[in-house]
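All values derive from a computational prediction rather than experimental measurement. Labels below follow one simple rule: chain letters A, B, ... track the order of the sequence lines, proteins then strands, and each chain is numbered from 1.
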Amino acid sequence: MKNKTTEYNHTKIEKKWQKFWEKNKSFVAKEDSKKKKFYGLIEFPYPSGDGLHIGHVRSNTAMDIICRKRRMEGYNVLYPIGWDAFGLPTENSAIKTGVHPTVLTKKNTNVFRKQLKSIGFSFDWTREVNTSDPKYYKWTQWIFLQFFKKGLAYKKRMLINWCPKCKIGLANEEVVDGKCERCGAPVEKREKEQWMLAITKYADRLEKDLEGVNYLEKIKTQQKNWIGKSQGSELWFNIANSEEKIIVFTTRPDTFYGVTYVVLAPEHQLINQLKSQITNFTEVEKYIKDAKNKSEIERTSETKEKTGVELKGVIVKHPITKEIIPVYVSDYVLGHYGTGAVMAVPAHDDRDYAFAKKYNLPIIEVISGGDISKQAYIEDGIMINSGKFDGRKNTEIVKEITEYAGGKMVTTYKLRDWIFSRQHYWGEPIPVVNCEKCGLVALSLKDLPLKLPMVKKYQPTDNGESPLALITKWVNTKCPNCGGKAKRETDTMPNWAGSSWYYLRYTDSKNNKEFADMDKLKYWTPVDWYNGGMEHVTLHLLYSRFWHKFLFDEKLVPTDEPYLKRTAHGFILGEDGEKMSKSRGNVINPDEVVKNLGADSLRIYEMFMGPFDQAITWSTDNIIGSRRFIERVWKLQEKVVSNYSDSENVILLLNQTIKKVTDDIENMNFNTAISGMMILTNSLESQEKISKKTYLDFIKILSPFAPHMCEEIWQIFGNKKTIVLESWPKFDETKLISSKAKIVVQVNGKVRTTIEVQVDSTQDIVEKEALKNEAVVKWIDNKKIVKRIFIKNKIINFVVA
RNA sequence: GCCGGGAUGGCGGAAUUGGUAGACGCAAUAGACUCAAAAUCUAUCGAUCGCAAGGUCAUGAGGGUUCGAUUCCCUCUUCCGGCACCA
C-alpha cells in the first residue's frame, strides 16, 4: 500500500509551477467573465535599490491567500501589481552614481519583478503600471489639470516647511515632530509660492463618508483625528474707531461671560490693518518677526511657556458686559486654524489660565464646580456670573448664548490644503505654463505627457528652486493660448500624486485615450479589499480618497469611494527587535530563504509567525518549523488510499479544519489557520491510511498558503487542471460535531476530572455519570451539594457547603 | 496632556456572549537510528511539594463581582501606536 514518494525538491517544484502559471495565464484577469468580480489590492512597492523586503512578502502573501481563496470560491479576481517609482531615494542615488533615475528605476523594477515572481504571488502581470512611465504620468498630469480647471489646484505664496537636507518643501503631513519625515533633519520655515490642492473643500465628505466604508476602526479614527472636525461658534468683538472686528472661533461659547482678553495669531492680517491705532507697534512687529523665525521644532518643543504682546491702543468691548478687554498677539494661537483669533477665558481653559497668570489678567469664573484659584476648570457645570444664564447647565445653553452674543454656529477642520509642489527632478512635471499675457495656462491633452527633460545634473538647489529651473531651453516656451512668451512651471508633483489613482489605472493600464475606460471602471471598481501599512493612513489613503471623490464629482469614476474595505499589516522587525535598516545591518533578504527553504516555507512562516496586524520580530531559526510542516504534508502522500473510509474522528477534524481555515482567512487570522492545519497534519500522520478525498481537500485549503507544493501534489494525484480554479471545499455542518462530548467536572469551581458522554446529554445523565467518578466523590466527601451549574456539552459544577 | 491597543512558559504566540490557561511552532533535555554528526522518529518540557497517586500556586500589580475570571468592573505600573498650544 505504501506509495513511494519522491523527495520534496522545492526549487524544482516552485520553478515548474511559476512557469506553468505564466504560460497558462492563470492569473490574468478578464472583464468578460460572468463571474462575480473581486478586486484585491496591496500598496504597490517603491522599487528601491535595496530590493524586495520581507515586509513586502508578508502583506503580499496575505492578499495573495485571500485572492487565491476567492478564485476557488468562484470569483473573477483582479490582483494587480506595479511600481510607485517616483521618489527621493532614486533621485539621491542618481546624484551619487551619475546614473539616470530612469535607468535606476528600470534596474530596480527588474530585480523586484524577479523576486516577486520567485515567491509565487498570483499577480496579473499584464496590467503592471509604473508611475514614472510617461504613458502613466500623462494621466496623472491630466487629472491635475482637471483640478486646475475647477480651481482646486491653485498657487499660493506662503510659509512652507522646508527640509534643508533634502532641499525640498514638505506637506504638513510629511513633518513629524518638527522634523522631515524622510531624513529627520529639523524643518525650517520658508516663504515660497506653492501649488496647492484644495483638499479642505472635501473635508466634510472625507469625514462623513467614513461611515459607509469597512475600514478598521483605528484607521477611521486616525483619519477622523487628522481631518479634525470640530463644532463650535463664531463670535465677534467690535473694535472702537474701526470698521474691522475680531472674529473668534470657540467650542465653548458657554464661557463667553468669562472672556477677559482676546488673542490674535502673529500671522493675523488685522494687526497690520490696525497699525495706526497700535501705540507700541515696534514692539508688536518685533514679536511677530521672532515668532516667524522660530522653526517648527522650536515652536513645539519649547517648554510651552506662553509669550505675547498687548496691542496697546486697540480698544475692544465685551459685546454683552461692555467691559473693555485688552487684545494680545501671541504665538500660542495658530494662524491657520479657526479664524486665527481666540477669545481667552482663563477660568476655563488651561492655556488661557497660564497666559493670564503670567500677564496678570483677570480670571472670571462663569461655571461652578472647580477651584479657579488653583487651576482652570474645564469640566461642565452650572453657570454663574453670566447674567440671564445663571443657574443653568452650561451644556444646554450653547446655541442660545451664541445667538444672544450675535454669533453663529460653525464647523471647523484641522485639515489644511495639500502642498503639492516639490522642488525636485524625479517627479511629474506640473503641466502648466506661465504666460506673460494670459497668466497660468494649462497644457492641452495633446501636449501631454509633458515629459521630464533629460539632464545630467539633478541636484536640488539651495535657493529652493527645482533643478528643472536651470534648463532654460525647457523652461522657455510658448503659451498654448496666445503663442506668446511663456515659462514652464518647474516644480514637480509629490510622490503621492501617482499613487492617488493607480488602482484605477489597473483596470485599463494600456489605455492611451483615457486614464481608464468607464466600462472597465464600472466592472472592477471599487476595490473590494485594500491592505496596506498604518503609516499611509493619513497620507496616501486620505489623498487617494480625495482624488477619487473629485473624479466622481467630475463623473469620471462610477463610485464615490475607492476602497470598500481597508485593513493594515504589522511591520516585521529585525532579529534584534529593531526596525530593519541597512545601517543596523539587520536586514533579511527573502532570496536567501527562497533558495534554501523555498517560497512555500517562507510564505507559511510569514503567515504563521504571529498576528498579521501586529509588529513582530523576525526569527530565522523559526522558519524551520514551517519547512518541517510542509515536508510532513508532502510525506502524507504515502498514506493515501483511493477507496478508504476515514474514521469518524478524521472526518470530524477535517471538517473543523476546513471551517477554521475558511473563517480565519476572512479575519486575517492566518497564524491560527496554519496551526489548525498543523493539528490536522499531526492527526493524519497518526493514521494508518487516509482517503484520497480527505488528503486532497486538505491540499485545497492549504493551496493559497503553499501554492507550489499543492499544485504538485494535485497533479501527482492525476488531476490535469490547475488547483487554482478548483472549488473551495465546503465543510459539512452535520460533521462538525462529535457524537461524544467531553464534560469538565468541577467541585466548587475547581476542575477535578473530565468525563465523556453522548453529545447533548441532559443534566440528569451528566450528574449521574459524574457522581460515579471517584475523583469527584472524593471532593464532595459527603458534604451537602447546595448548587449545581450545568452547561450542555461543557461543564458540570457541584457547589458543596 | 488627550485618544487607541497591549502585558500569558526560555522564545513567537493560542484560548474571551466568563466554563479544562499555555493550542501550534521554535529552543531545550533524554532516548532510538548512525562509526559519528546532521536529518528523522519517540518521550519530556509553567513553577512548586510529593516515591507516586495527587495537591498547591500561576495570564503585569492590587482589589471587586461570580459556583467559576486571561476574559467583566475599579485603582495602579509599564510598553507600543496616533494626535498634540486645534481654542
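- Here the side chain of A:Lys787 is nearest to one of B:G25, B:C24, B:C67, namely B:C67.
- Residue A:Asn797 contributes atom CG, which lies 10 Å from atom P of B:C67 at whole-angstrom precision.
- Ring planes of A:Tyr328 and A:Tyr359: tilted class, angle from 30 to 60°.
- The side chain of A:Phe608 approaches B:G25 more closely than any other nucleotide in the set B:A14, B:G25, B:C26.
- A gap of 12 Å separates the C1' atoms of B:G22 and B:C45, to the nearest Å.
- Distance noted for atom C1' between B:G82 and B:C72: 27 Å (whole Å).
- Between B:U56, B:G19, B:G25, one nucleotide has an atom nearer to the side chain of A:Trp779 than all others, and that is B:U56.
- Base pairing analysis places B:U56 opposite B:A47; the two distances defining the Watson-Crick or G-U wobble pair are each below 3.5 Å.
- Glycosidic conformation at B:G68 (O4'-C1'-N9-C4 for purines, O4'-C1'-N1-C2 for pyrimidines): anti, more than 90° from 0.
- Using Watson-Crick or G-U wobble geometry with both donor-acceptor distances under 3.5 Å, B:A14 finds no partner in any strand shown.
- In this structure, A:Phe608 has its ring center no closer than 6.0 Å to that of A:Phe705.
- Taking the side chain of A:Val333 as heavy atoms from C-beta on, and the options B:C24, B:A87, B:A27, the nearest nucleotide is B:A87.
- By the 30° and 60° cut-offs, the orientation of the rings of A:His10 relative to A:Tyr8 is tilted.
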Steps toward side-chain hydrogen bond (donor to acceptor under 3.5 Å, both in side chains) verdict (A:His569, A:Asp613): CA-CA 4 Å; A:His569 55 252; A:Asp613 60 346; over 6 Å; no
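- Within 4.0 Å (heavy atoms only), A:Asp350 reaches no atom of the nucleic acid at all.
- Backbone-only engagement by A:Gln222 is indicated by non-hydrogen atom pairs under 4.0 Å involving sugar-phosphate atoms exclusively.
- Paired with A:Met383 under the rule side-chain contact (heavy atoms from CB on, under 4.5 Å), one option of A:Thr255, A:Ile397, A:Val366 passes, and it is A:Ile397.
- In terms of phosphate contacts, A:Tyr332 brings no side-chain nitrogen or oxygen within less than 4.0 Å of OP1 or OP2 of B:A87.
- Spacing of P atoms, B:U56 relative to B:C2, comes out at 44 Å, to the nearest Å.
- Nearest-nucleotide mapping onto RNA chain B: of A:Asn671 and A:Asp352, the residue sitting toward the 5' end is A:Asn671.
- An OP1 or OP2 oxygen of B:G19 is reached within less than 4.0 angstrom by no side-chain nitrogen or oxygen of A:Lys794.
- Ranking B:G12, B:A87, B:U20 by closeness to the A:Leu334 side chain, first place goes to B:A87.
- Using a 4.0 Å cut-off, no side-chain N or O of A:Trp618 falls inside it from OP1 or OP2 of B:G12.
- What separates CD1 of A:Ile624 from P of B:C24 is a distance of 19 Å, to the nearest Å.
- Of the C1' atoms belonging to B:G55 and B:C33, the separation is 40 Å, rounded to the nearest Å.
- No contact: A:Ile674 has no heavy atom under 4.0 Å from any strand.
- Remark: B:U20 base-pairs with no nucleotide in the shown strands. Criterion, Watson-Crick or G-U wobble with two distances under 3.5 Å.
- For B:G54, neither phosphate oxygen OP1 nor OP2 lies less than 4.0 angstrom from any side-chain nitrogen or oxygen of A:Arg752.
- In this structure, A:Glu575 places its CD atom where more than 12 heavy-atom neighbours from other residues, nucleotides or ligands lie under 6.0 Å away.
- The shortest distance between the side-chain N/O atoms of A:Asn748 and the OP1/OP2 oxygens of B:G68 is not below 4.0 Å.
- Contact annotation for A:Lys742: base contact, defined as any heavy-atom pair under 4.0 Å involving a base atom.
- Checked by distance alone, A:Gln746 brings a side-chain donor or acceptor within 3.5 Å of a matching partner on the base of B:G19.
- Here A:Ile679 lies in heavy-atom contact (under 4.0 Å) with sugar-phosphate atoms only.
- Comparing B:U8 with B:G1, their C1' atoms sit 31 Å apart, to the nearest whole Å.
- No donor-acceptor pair closer than 3.5 Å links the side chain of A:Tyr377 to the backbone N or O of A:Asp349.
- Residue contacts for A:Thr221: at a heavy-atom cut-off of 4.0 Å it reaches no nucleic acid atom on any strand shown.
- Residues A:Thr617 and A:Val799 each lie close to RNA chain B; by heavy-atom proximity, the contact nearer the 5' end of the strand is made by A:Thr617.
- Among the protein residues, A:Lys414 comes within range of the nucleic acid bases, having at least one heavy atom under 4.0 Å from a base atom.
- Using a 4.0 Å heavy-atom distance criterion, A:Asn682 is classed as a sugar-phosphate-only contact.
- Taking side-chain N and O atoms only, A:Thr672 has no distance below 4.0 Å to OP1 or OP2 of B:G13.
- Residue contacts for A:Val751: at a heavy-atom cut-off of 4.0 Å it reaches the sugar-phosphate backbone alone, with no base atom in range.
- Between A:Ile616 atom CD1 and B:A14 atom P there is a gap of 8 Å when expressed in whole angstrom units.
- Taking atom P in both B:A53 and B:G19, one finds a spacing of 29 Å when rounded to whole Å.
- Rounded to an integer number of Å, the gap from A:Leu573 CG to B:G12 P is 12 Å.
- Nucleotide B:C83 forms a pair with B:G1, judged by Watson-Crick or G-U wobble geometry with both contacts under 3.5 Å.
- Using cut-offs of 30° and 60° on the angle between ring planes, the pair A:Phe237 and A:His318 is perpendicular.
- Comparing B:A37 with B:A30, their P atoms sit 12 Å apart, to the nearest whole Å.
- A cation-pi geometry, defined here as NZ or CZ lying under 6.0 Å from the six-membered ring centre and within 45° of its normal, holds between A:Lys306 and A:Tyr332.
- Look at OH on A:Tyr353: it is 22 Å from P on B:C85, rounded to the nearest Å.
- Residue contacts for A:Arg628: at a heavy-atom cut-off of 4.0 Å it reaches the sugar-phosphate backbone alone, with no base atom in range.
- Applying the 4.0 Å criterion to OP1 and OP2 of B:C2, one finds that A:Asn225 has every side-chain N and O outside that range.
- For A:Pro611, the side-chain atoms get nearest to B:G13 when compared with the rest of B:G13, B:G19, B:G25.
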